[in-house]
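Below: the structure, in structure tokens.
In the text below, chain A, chain B and the rest are named by the order of the sequence lines, each starting its count at 1.
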There are 2 protein chains.
Amino acid sequence: MSDVTEQGAIEGGGRRARGEGRGAAARRASRTGGGPGPSLPYIQRKIREYEVLDEEGLQLIERNADTVLEEIGIEFRDDPEALELWKAAGADVRGERVHFPKGLCRELLKTAPSNFTWHARNPERNAHIGGKATVFAPVYGPPFVRDLDGNRRYATIEDFRNFVKLAYMAPSVHSSGGTVCEPVDIPVNKRHLDMVYSHIKYSDKPFMGSVTAPERAEDTIAMAKIVFGDDFVEKNTVTLNLINANSPMVFDETMVGALKVYARHNQACVLSPFILSGAMSPVTVAGTLTQILAEVLAGASFTQLIRKGAPVLFGTFAASISMQSGAPTFGTPEPSLVSYGAAQLARRLGLPFRTGGSLCGSKVPDAQAAHESANTINMTLLAGTNFVLHAAGWLEGGLVSSYEKFMIDQDQLGMMQKMAEGVDLSENAQALDAIREVGPGSHYLGCSHTQANFQTAFYRSPLADNNSFEQWEIEGEKRIEQRANALARSWLEHYEAPYLDPAIDDALKEFIAKRKDSMPDAFT
Amino acid sequence: MSDVTEQGAIEGGGRRARGEGRGAAARRASRTGGGPGPSLPYIQRKIREYEVLDEEGLQLIERNADTVLEEIGIEFRDDPEALELWKAAGADVRGERVHFPKGLCRELLKTAPSNFTWHARNPERNAHIGGKATVFAPVYGPPFVRDLDGNRRYATIEDFRNFVKLAYMAPSVHSSGGTVCEPVDIPVNKRHLDMVYSHIKYSDKPFMGSVTAPERAEDTIAMAKIVFGDDFVEKNTVTLNLINANSPMVFDETMVGALKVYARHNQACVLSPFILSGAMSPVTVAGTLTQILAEVLAGASFTQLIRKGAPVLFGTFAASISMQSGAPTFGTPEPSLVSYGAAQLARRLGLPFRTGGSLCGSKVPDAQAAHESANTINMTLLAGTNFVLHAAGWLEGGLVSSYEKFMIDQDQLGMMQKMAEGVDLSENAQALDAIREVGPGSHYLGCSHTQANFQTAFYRSPLADNNSFEQWEIEGEKRIEQRANALARSWLEHYEAPYLDPAIDDALKEFIAKRKDSMPDAFT
């Protein structure tokens, strides 16, 4: 089968320093010609959602999920507190198996917010989660990287910092993400401290917390409090945190442990069944949707037992497995149907939704990687997804963070952001005067309407080569991954860190040193 | 600017031989392991259409198009007959400029069929055009090929035959297409005869006719009559024919000439403005949609002046140009918005719709080619497109037919076909018993539901590599285009021609020889 997972080994958060983030570094880099344009705010979709289920189909899945919850139940393993809470809430708990009376989970979820602000240390980078908002975050979890010299090797903290820098510079990547790669050169029990610090130090976009152990979640909260202040963290959401169900129908100690820490501190859990259909769920779309809904209902409603009003997302990681080899497959039609359907179920529940990304199984950023990623990210946007993990850099089924793939993906994210603006129907956009001015048989290249609008009319890719064959030949017959490689090098060269109050920086370093001193090094 | 066009130089179209097409060749090839699976019938979409315009926006575009038609008008150049017909129909004709009273075009289009059958010489391969049907056809028009040895060179009749063979074998390519490449080794005035013959001889899927001169359209009709019979052709549609507007707002002698021949014989015209926004239309989506609608209304309604009830499609070729270099760009957000909007306008008109394909500007089948193609073909399916030209093999802005790209694209078309099936909500697909059988913490790999359904559960790509990195490394670190190259070679090796009645074959050859003898060789 598969060694793919969304949880690598360890990952990681900040007193609120206001007014420092003016995007000055990005603008300086852009002026010099080698950097990206300024960062764009999160997407506010003006286009509608695409739907694959009608009312009857949605009700059918919901009824079946209720049956699963009541009759089969969901296990909460190695966590007596969770079982006690469920008993107290009215569930029928037998051993570690929790059976949910019809309607219990939905009733509990009424206190979960339908949308909220994900605060960044730079308020200009705050993201909205829910409603018509879409937020892109980088790849999460890979132990390996494909570096800029073409090597496939274990990731290091240097790679981690580089991906944080690239995500900080990428205009349409709205979050610094979480485990952008696993820094395996740092002991597993200490890594999360360096990861959270890197997100705070090298970026000012909102970041994710560590979920691989409750104490690492506590460290994340402690560091977030240094950046944002104690009171601010308890009253606002400054971290999103990836909580996977161990599908089918199990929540384990680690995940429930992290969930409890984050929910208690008002931080958001992205409650995501990790599904490779055919292995962790039935081989059918309808069966998979049923199981996903049951798992999310159980896990998400549990956050409300910990703290009413704590933000929680309806998450889905949907892929299939090859029935020949058992290998996971990405960008195929069935997971797209699952994600579209899950998005509809999430909207009916009133929860923000997470799915998709730029997923692929290819070992290199070739046409397979691109087709699979494009099939996934187009679906992700049209489904109306609110939070998109793995939106840039994912290669090889999530085992590898690729610099070249990151650059190619972030370009496509720019296209998705433009697409989300929909059709402008203003008088200027109607362009009737331009059509009058040009008339039959002429062209629009020099007309006044074109001159006035061409700067913003079309999305401009920094990587696509649309020159003539002859020009392309003269320039060395470069493939897009070669251009992506050069662009990544240029961005990293032009990177300038956003301002961080030295007092906060010192406090973070002091905290980390103290925590590290309290632990032996562990590498497994 | 651009030398891209949908019309290469020349292309082409056979007495109906029933019962010969049993797909035996494909099945034989598939059994030997090197060929494709059997051909699938055209797509009958069970998924809904995605829409980007609301009622208000649609009415706005329609009003503006009416204004363009009445106030600015459309030119029909070098065709006095067309102008006379428009006068007689009530249009205000000034010189070659036709001004259309409000509602005239829509009134005329009431006799155009909303859907019809596109007959193939093998009735099993008949395609439906309109409604929830989607038909994929190969690339159209390139003068160059990227061959299987990696050379970029002028296309030959041998290449033409090869692409016809590959399209015949590709399960989700439903049509043999038209000018799959330009056989430049044959005189330009004779080429269409060899092209039409190749479609009839080497495939039994429905094909397109020659449109580059009225007499070549007549030759197409004559050859179709040899295959299908005189009476059958006059009463049914056996060819689709690509009629481009010379945007902005011009129809030329060649296109109108071909249109008249086909409409008179009840053959379908795909009335397609060829739009690179910023050059042939305004730089805005709304302006482009307005012009497209005006051009289609004028051109499509003209077919009804020739013969009431002749089939005509609302066609759109939508791309943009780079405002920096003037080069055409593909797969970007703006043409997608144009196509989605145009599909809505076509449905309101009650006409079948054509747009999209697997378009790209890349010179090689790399990630750029794939992203641009995927962005386009996903949109094409979700827009509810009925006829899709350029669905496989298009490279380099349509200047090149690529063998490798053809194989990669046709795999993706298979995914689109699966996607179009939507979500199965049958009791089997609901899989509640499977969820009961497996329960929490186990897996679905061996369960009876998986065993019963895995053969059809997931789309199975013949090209994607989802093996482990180590396995991929052992197998030579192949990129998808290398696997596509090997698959194309294998298919061509396993190709077996569908049965063609020798009497028909002889009659076609005799016709061609006679026609060729009547003409001098012309190469420009």
Side-chain angles (χ1 to χ4, degrees), chain A residues 50 52 57 60 64 68 75 249-250 279 282-287 291 320 322-323 327 329 332-334 337 361 363 365-368 370-371 374-375 378 408 412 415 418-419 422-423 425 429-432 434-435 438 440-441 443-445 450 453-454 457-459 464 466-467 469 472 479-480, chain B residues 50 52 57 64 68 75 248-250 279 282-287 291 320 322-323 327 329 332-334 337 361 363 365-368 370-371 374-375 378 408 412 415 418-419 422-423 425 429-432 434-435 438 440-441 443-445 450 453-454 457-459 464 466-467 469 472 479-480:
Chain A
Y50 184 70
V52 298
L60 179 72
N64 287 350
V68 169
E75 290 188 3
M249 298 170 278
V250 173
V283 288
T284 56
V285 172
Q291 185 184 307
S320 298
S322 162
M323 283 296 160
T329 62
T332 51
E334 301 80 13
L337 292 169
K363 267 56 82 182
D366 64 354
Q368 177 186 342
H371 270 295
N375 290 346
N378 276 279
I408 296 171
Q412 292 296 315
M415 296 211 199
K418 186 80 188 331
M419 181 79 190
V423 181
L425 292 170
Q430 291 174 49
L432 265 182
I435 300 175
V438 170
H443 66 75
Y444 291 80
L445 289 171
T450 301
N453 290 282
F454 84 90
F458 304 137
Y459 176 77
N466 295 302
N467 292 329
F469 173 77
W472 174 79
R479 304 172 62 94
I480 191 171
Chain B
Y50 184 70
V52 298
N64 287 350
V68 169
E75 290 188 4
M249 297 171 278
V250 172
V283 288
T284 57
V285 172
Q291 187 184 306
S320 300
S322 162
M323 283 296 162
T329 62
T332 51
E334 301 81 12
L337 292 169
K363 267 56 80 183
D366 64 354
Q368 178 186 342
H371 269 295
N375 289 347
N378 277 280
I408 295 171
Q412 292 296 315
M415 296 211 199
K418 186 81 189 328
M419 181 78 191
V423 181
L425 293 172
Q430 290 174 48
L432 264 183
I435 300 175
V438 170
H443 66 77
Y444 290 81
L445 288 171
T450 300
N453 290 281
F454 83 91
F458 303 137
Y459 176 78
N466 294 302
N467 291 330
F469 173 78
W472 174 79
R479 304 171 63 94
I480 192 172

> Are any side-chain N or O atoms of A:Glu334 and backbone N or O atoms of B:Tyr459, one a donor and one an acceptor, separated by less than 3.5 Å?
Replying inline: yes

> Do any N or O atoms from the side chain of A:Asp366 and from the backbone of B:Ile480 form a donor-acceptor pair under 3.5 angstrom?
Replying inline: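 Yes; judged by distance alone, with no hydrogens or angles, the pair exists.
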
> At a heavy-atom separation under 4.5 Å, does A:Leu60 approach chain B through its side chain, its backbone, both, or neither?
Replying inline: side chain

> Contact part of A:Asn378 toward chain B, heavy-atom cut-off under 4.5 Å: side chain, backbone, both or neither?
Replying inline: side chain

>> How long is the straight-line distance from CZ of B:Phe458 back to OG1 of A:Thr284, given to the nearest 0.5 Å?
In response: 8.0 Å

>> According to ring-ring contact (aromatic ring centres under 6.0 Å, His included), who are the partners of B:Tyr50, at least two apart in sequence or on a separate chain?
In response: B:Tyr340

Sort out for me which of [options] touches chain B most, counting heavy-atom pairs under 4.5 Å.
options                               : value
A:Gly361, A:Ala431, A:Ala429          : A:Ala429
A:Lys418, A:Lys363, A:Met419          : A:Lys363
A:Ile435, A:Asn467, A:Val250, A:Val52 : A:Ile435
A:Ala464, A:Ala370, A:Gly287          : A:Ala370

Counting C-beta onward and ignoring hydrogens, is there a side-chain heavy-atom pair between [X] and [Y] closer than 4.5 Å?
X        : Y        : answer
B:Met249 : A:Val438 : no
A:Thr450 : B:Met323 : yes
B:Val68  : A:Leu432 : yes

> Under a 4.5 Å heavy-atom cut-off, does chain A meet the side chain of B:Pro365, its backbone, both or neither?
Replying inline: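 Only the backbone of B:Pro365 comes within 4.5 Å of chain A.
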
> If you tally heavy-atom pairs under 4.5 Å against chain A, which of B:Thr332, B:Thr329, B:Asn453 wins?
Replying inline: B:Thr329

> Can you tell which of B:Ala374, B:Ala434, B:Gly422, B:Ala367 has the highest number of heavy-atom pairs within less than 4.5 Å of chain A?
Replying inline: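 Most heavy-atom pairs under 4.5 Å with chain A: B:Ala367.
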
>> Quick check: closest heavy atoms across A:Ala286 and B:Leu425, and the distance to 0.1 Å?
In response: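 Looking at all heavy atoms of both residues, the shortest contact is CB-CD2, 4.1 Å.
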
> side-chain contact (heavy atoms from CB on, under 4.5 Å) with A:Gln412: which residues, sequence neighbours excluded?
Replying inline: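 A:Gln412 satisfies side-chain contact (heavy atoms from CB on, under 4.5 Å) with A:Met415, B:His371, B:Asn375 once adjacent residues are dropped.
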
